[in-house]
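Numbers restart at 1 for each chain; the letters A, B, ... are given by sequence-line order, proteins then strands.
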Amino acid sequence: MSWVYLELIASPFFTGRSMTTELSQNYDPAKVETKWYSAWEENGCFEGNIDSGKEPFTIMIPPPNVTGVLHMGHVLDNALQDIFVRRARLEGKSALWFPGTDHASIATQVKVEKALRDKGTSRQELGREKFLERAWEWSEDHGGVIFNQLRKLGASCDWRRSRFTMDDAYQRSVQHAFVELYKRGYIYRGKRLVNWCPASQTALSNEEVDMRPQKGKLYKMRYEIVEEPGRFLEISTTRPETIMGDTGVAVHPDDERYADLVGKHCWRPFPKAEIPIVADRAVEKEFGTGVLKVTPAHDQVDFDIGKRHDLPLIDVMNPDGTLNDLAGDEFDGMDRFDARKAAVAKLESLNLLVEAEDYDNNVGFSERAGVPIEPRLSEQWYLKYPRVEEAKRAVEKGIIRFHPKRWEKVYLHWLNNIQDWCISRQLWWGQRIPAWYRKGADRSDPENWHISVDGPEDTDNWEQDEDVLDTWASSNLWPFATFGWPSDDPKVRAELDYFYPTSMLVTGFDIIFFWVARMIMSGLELTGEAKEPLSDEELDSRIPFKDIFIHGLIRDSKGRKMSKSLGNSPDPLDLIEKFGADGLRFGIINIAPSGSDILFSEERIEIGRNFCTKLWNACRFRQMSGDVSGNASLDAILERLAETPLEGYSNWILFRMLETTQEIENQFERFEMHQLTHSLHRFFWGDFCDWYVEAAKAMLQSKDDPRHGVALAVSDFVIRQSLLLLHPVMPFITEELWQAMGFSEDGAFIQESQLPKAADLRQAMVSRGVAVDEAGAQRIEEVNGLISQARAIKAEYNVASKRDVTLFVSPADDSSTLIVSENLDTIKKLAGAATIELRKEVENLPGAVSALGTVYLDLTSAIDVEAEKERLSKELEKLGKAIQAGEGKLNNASFIEKAPPAVVEGARKQLAETKAKREEVARLLESF
RNA sequence: GCGCGGGUAGCUCAGUUGGUUAGAGCAACUGGUUUACACCCAGUAGGUCGUAGGUUCGAGUCCUAUCCCGCGCACCA
């Protein structure tokens, strides 16, 4: 990799002849981040290519909206993906993170239309062609912004491959899928009630409708019986504006109150008409008066009733939500909500309104436009979902796995209640439906259809469907259409062969229905022949991904959704400036629990920035302690350790390093990312910096100390492994330190190294005669306990800063004497004592008890006897309780009998230790 | 109505198949410039794990009931 090296020494940061650089006092993320990102990109670090010698690892980015800008949700989603991808590279896999953007049909069109309105024009005025030109301009002006933002975050996507769902090739894939699904009988055209958005004037799928609680009125009114003038039926409705579309009145067949009226008629008040009274089981007897007005053209239930009783459909509304001439002259052109008021007034004037009571109900709203949905009769394209059963089976059998597993249920529940999907949209920005109709002919007759990717040859006599496809109907092909599916091109086939099924998907739970489930179904159907059923092996090769990592949504610290209007949505770029990209990444991963909501506040991610500083300074300290040559490989470091036996603390920290390596390995295997940063933080900061480095300071005092070299080599070993473990989370700073600390071989990037697994690491150590010993590590934990007690007793007497104190230690037994003596200078250093004397008996001095023995503080001045007595009494009480619990347990015959021997043994040991401790504390107390 | 998740220290959360005296970060308090780091170091305090039962030698962890909070799906006009 000497070309990398040449380039780096040419940069101002690499001044000397040495590979390594001296670290500045403070970590400057901005400088490091831009430098390394361009170096990585220029050297093709993120390119995912077929490498038959390596296991593939593929992630498809959930494509952000082409005109979108980076928000906190993206930060979390993409930081996670980057962590998985970078980890895969360090594990020696051929990793591909495939980026791209989505055209977001309705969202983008709404934005472009708003821009047009601001300029005093409209899409209708411009016409389709001009409008699309504007939309393309818009997406080009705003597109790509998010890619640069993702770069700032450190995302290691293979940018060469970037796809946009409106690319010609992608559009062709979408059209091909449409044609194929049509041929296989899954796509059809149907006339039925759809969720109509009067604002965007398009049909929507069920998933795009939000049910929102509304405070409205329930109007009770009277319809006169035609056959029995003077007799009235009382009917309740929330929507009087649809009276004009009523074509019947329904009661329950078992409802005795109205049994004699079934088959008769009543008067629709306006426009005045006779409508039949029918009996239908869809009516709830208990609700209101038990009489339902039936408006088949404006309500799903009514539509079904109308069908059963052959009632006519009268559509009284225009696409924009105003009423039409069928509603009568006085309502024609009136907005639906004005019409509601007008209809009520008219009922009142006709003396037909009985009452209007306050009423809470749920109304469907257009997710995008935020206006109430209008059920509307229209002809649309529908998809009968393919492979529903197999999509369920894939998850039930664990061929696809959700992490956390509980999202399976959400997914399965949705699939169990699935309904056909309305995929056509009356929009212009999007993929036009590849269907043509014979000009002037009846469009509802399939005889007059032409469905193909290329369209009819005889273009004069055919016209293409004006509509476009739902965005999700194109993005559900993302895992394979991005590669160029379908194609006979050997390159495309080879890539699909190698990278598909992809390894995993990382996304939020909010799009499990919209996207995840649909990708699974389309993958199962389209990536192979139309055969039934599919075997498990076929499922295995057709699924779009094997593991689905579901994370939560980011909210503000009060749990509110982030939104522009609330102003509680921080700009990630500001945060990167403030905390560094690595700091932000570490911080956001650290607060992302496995639940569904993530409460964000800047305070909570400071830990990331602080951790970067800690890492930086630990490395700086290591540099200041001795030169860093001899770090160029794992083996080089091990070689430096080969001759000398490991001192207590060195053994301990290497043991902890192996434990941590294993822990993190398990977390990745189980997709339990919520503990990842905790493990890393605890080990590097809590164990290495707070204990090992401090302990090593004693060994580093003199270069003549034989332990000097060991301390440096152990530090290098730990830092090296830590950088590898941290790299996926904090790519920039770890790369900088990797180079600066001389771990890079010939200038190679950190990602070109291998992350040794715990087992390999242990093996490599053993083969060099560097063996760690668990029992020895355990003893050091006890030494740490003793030191903590010493510090505590000093703090108690406010002598924390004084280093000239004398401590007495009376060891618990012979082996403790040995351990304390062996580590005496370290204990002195860490406890902050000038001298430590081992004594059997000490009287009249404040002391604290640890597993290794009692530590006393030698005070020349008088001590506060009362305070000391109180403290010891409190301690005694605490120990008494513990002993009581322990004895209770051990005196219990069934505990001895039934509990595993190891647990019983543990309890015995624990009790013995606690008893010894209590005796010691009691003795101390009496000595005053 | 059906389903899912949660209720553990002031706050945000960990807590593997039930097994030592329930942890972390932040905040608080006390003290501290000791060979890196004040974005730091040392220490202290703070919890009857929502409530009530049950299973068990042993329950934060399993079961039942119940109360709160959040979310999803369905929806009666």
Would you call Lys293(A)-Asp302(A) a salt bridge at under 4.0 Å N-O? no
Say whether, by atom type as modelled, one donor and one acceptor occur between the side chain of His309(A) and the main chain of Leu311(A) under 3.5 angstrom. no
Whether Lys558(A) contacts G70(B) is assessed here as follows: a side-chain N or O lying under 4.0 Å from the phosphate OP1 or OP2. Is that the case? no
Now, which nucleotide makes the Watson-Crick or G-U wobble pair with G25(B), with each of the two distances under 3.5 Å? C11(B)
Return the 5'-most residue of the pair Glu284(A), Glu207(A) with respect to RNA chain B, ranking by each residue's nearest nucleotide. Glu207(A)
Between Lys697(A) and Phe621(A), is NZ or CZ placed under 6.0 angstrom from the six-membered ring centre and within 45° of the ring axis? yes
Nearest-nucleotide 5' precedence on RNA chain B, Lys697(A) against Thr914(A): Thr914(A)
Closest approach to the side chain of Ala792(A), judged atom by atom: which nucleotide of A77(B), U44(B), A14(B) is it? U44(B)
Note: Arg682(A)-Glu663(A) ion pair, threshold 4.0 Å (strictly below): no
Closest to side chain of Ile607(A), choosing from G25(B), C39(B), A42(B): G25(B)
Does Trp685(A) make a side-chain N or O approach to OP1 or OP2 of C41(B) shorter than 4.0 Å? yes
Need one value for Glu796(A): base, sugar-phosphate or nothing, where a base atom within 4.0 Å counts as base even if backbone is also close, heavy atoms only. nothing
Run the salt-bridge test on Lys915(A) and Glu887(A) with the 4.0 Å N-O cut-off and return the result as yes or no. yes
Roughly how many Å apart are G19(B) and C62(B), using the P atom of each and rounding to a whole number? 11 Å
Donor-acceptor pair (no angle test) under 3.5 Å: Gln675(A) side chain, A24(B) base: no
For Ile588(A) and U12(B), what is the distance between atoms CD1 and C1' respectively, to the nearest whole Å? 13 Å
So does Ser236(A) get a side-chain nitrogen or oxygen closer than 4.0 Å to the phosphate oxygens (OP1/OP2) of C76(B)? no
Using Watson-Crick or G-U wobble geometry with both distances under 3.5 Å, which nucleotide pairs with A77(B)? none
Regarding Asp358(A) and Lys215(A), does a basic nitrogen lie under 4.0 Å from an acidic carboxylate oxygen? no
For Lys293(A), answer base if it contacts any base atom (sugar-phosphate contacts may also be present), sugar-phosphate if it contacts only those atoms, and nothing otherwise; contact means non-hydrogen atoms under 4.0 Å. nothing
What's Asn417(A) touching, base or sugar-phosphate or nothing? Going by heavy atoms closer than 4.0 Å. nothing
Please determine whether a side-chain nitrogen or oxygen atom of Tyr359(A) lies at a distance below 4.0 Å from atom OP1 or OP2 of A77(B). yes
Counting only Watson-Crick or G-U wobble pairs whose two distances fall under 3.5 Å, which nucleotide matches G72(B)? C2(B)
With a 4.0 Å cutoff (strictly under), does any side-chain N or O of Asn361(A) reach OP1 or OP2 of A77(B)? yes
Output yes when at least one side-chain N/O atom of Arg406(A) is less than 4.0 Å from OP1 or OP2 of C4(B), else no. no
Length of the CG-C1' vector between Leu857(A) and A42(B), whole Å: 14 Å
Within the 4.0 Å heavy-atom criterion, would you say Val903(A) contacts the bases, only the backbone, or no part of the nucleic acid? base
Both distances under 3.5 Å, Watson-Crick or G-U wobble: report the partner of U64(B), or none. A52(B)
If you check every side-chain atom of Arg670(A), which of A77(B), U16(B), A74(B) has the closest atom? U16(B)
Write down the partner of U33(B) under the Watson-Crick or G-U wobble criteria, each distance required to be under 3.5 Å. none
Which nucleotide in the list G25(B), A77(B), A42(B) gets nearest to the side chain of Thr238(A)? A77(B)
Of C73(B), U21(B), C37(B), the nucleotide closest to the side chain of Asn617(A) is C37(B)
Do the side-chain N or O atoms of His678(A) get closer than 4.0 angstrom to the phosphate oxygens (OP1, OP2) of C13(B)? no
Over all strands shown, is Val294(A) touching base, sugar-phosphate only, or nothing at heavy-atom distances under 4.0 angstrom? nothing
Between Asn610(A) and C40(B), is there a contact of a side-chain N or O with OP1 or OP2 at under 4.0 Å? yes
Before accepting this row, confirm whether a basic side-chain N of the pair Asp255(A)/Lys285(A) lies closer than 4.0 Å to the acidic partner's carboxylate O. no
Using purine N1 to pyrimidine N3 plus N6-O4 or O6-N4 for Watson-Crick, or N1-O2 and O6-N3 for G-U wobble, both under 3.5 Å, which nucleotide pairs with G19(B)? C57(B)
Considering every strand and a 4.0 Å limit on heavy-atom distances, what is the contact class for Leu292(A): base, sugar-phosphate, or nothing? base
Can you say whether a donor on the side chain of Lys614(A) sits under 3.5 Å from an acceptor on the base of C37(B), or the other way round? yes
Using the C1' atom in both, what is the distance from C68(B) to U51(B), to the nearest Å? 10 Å
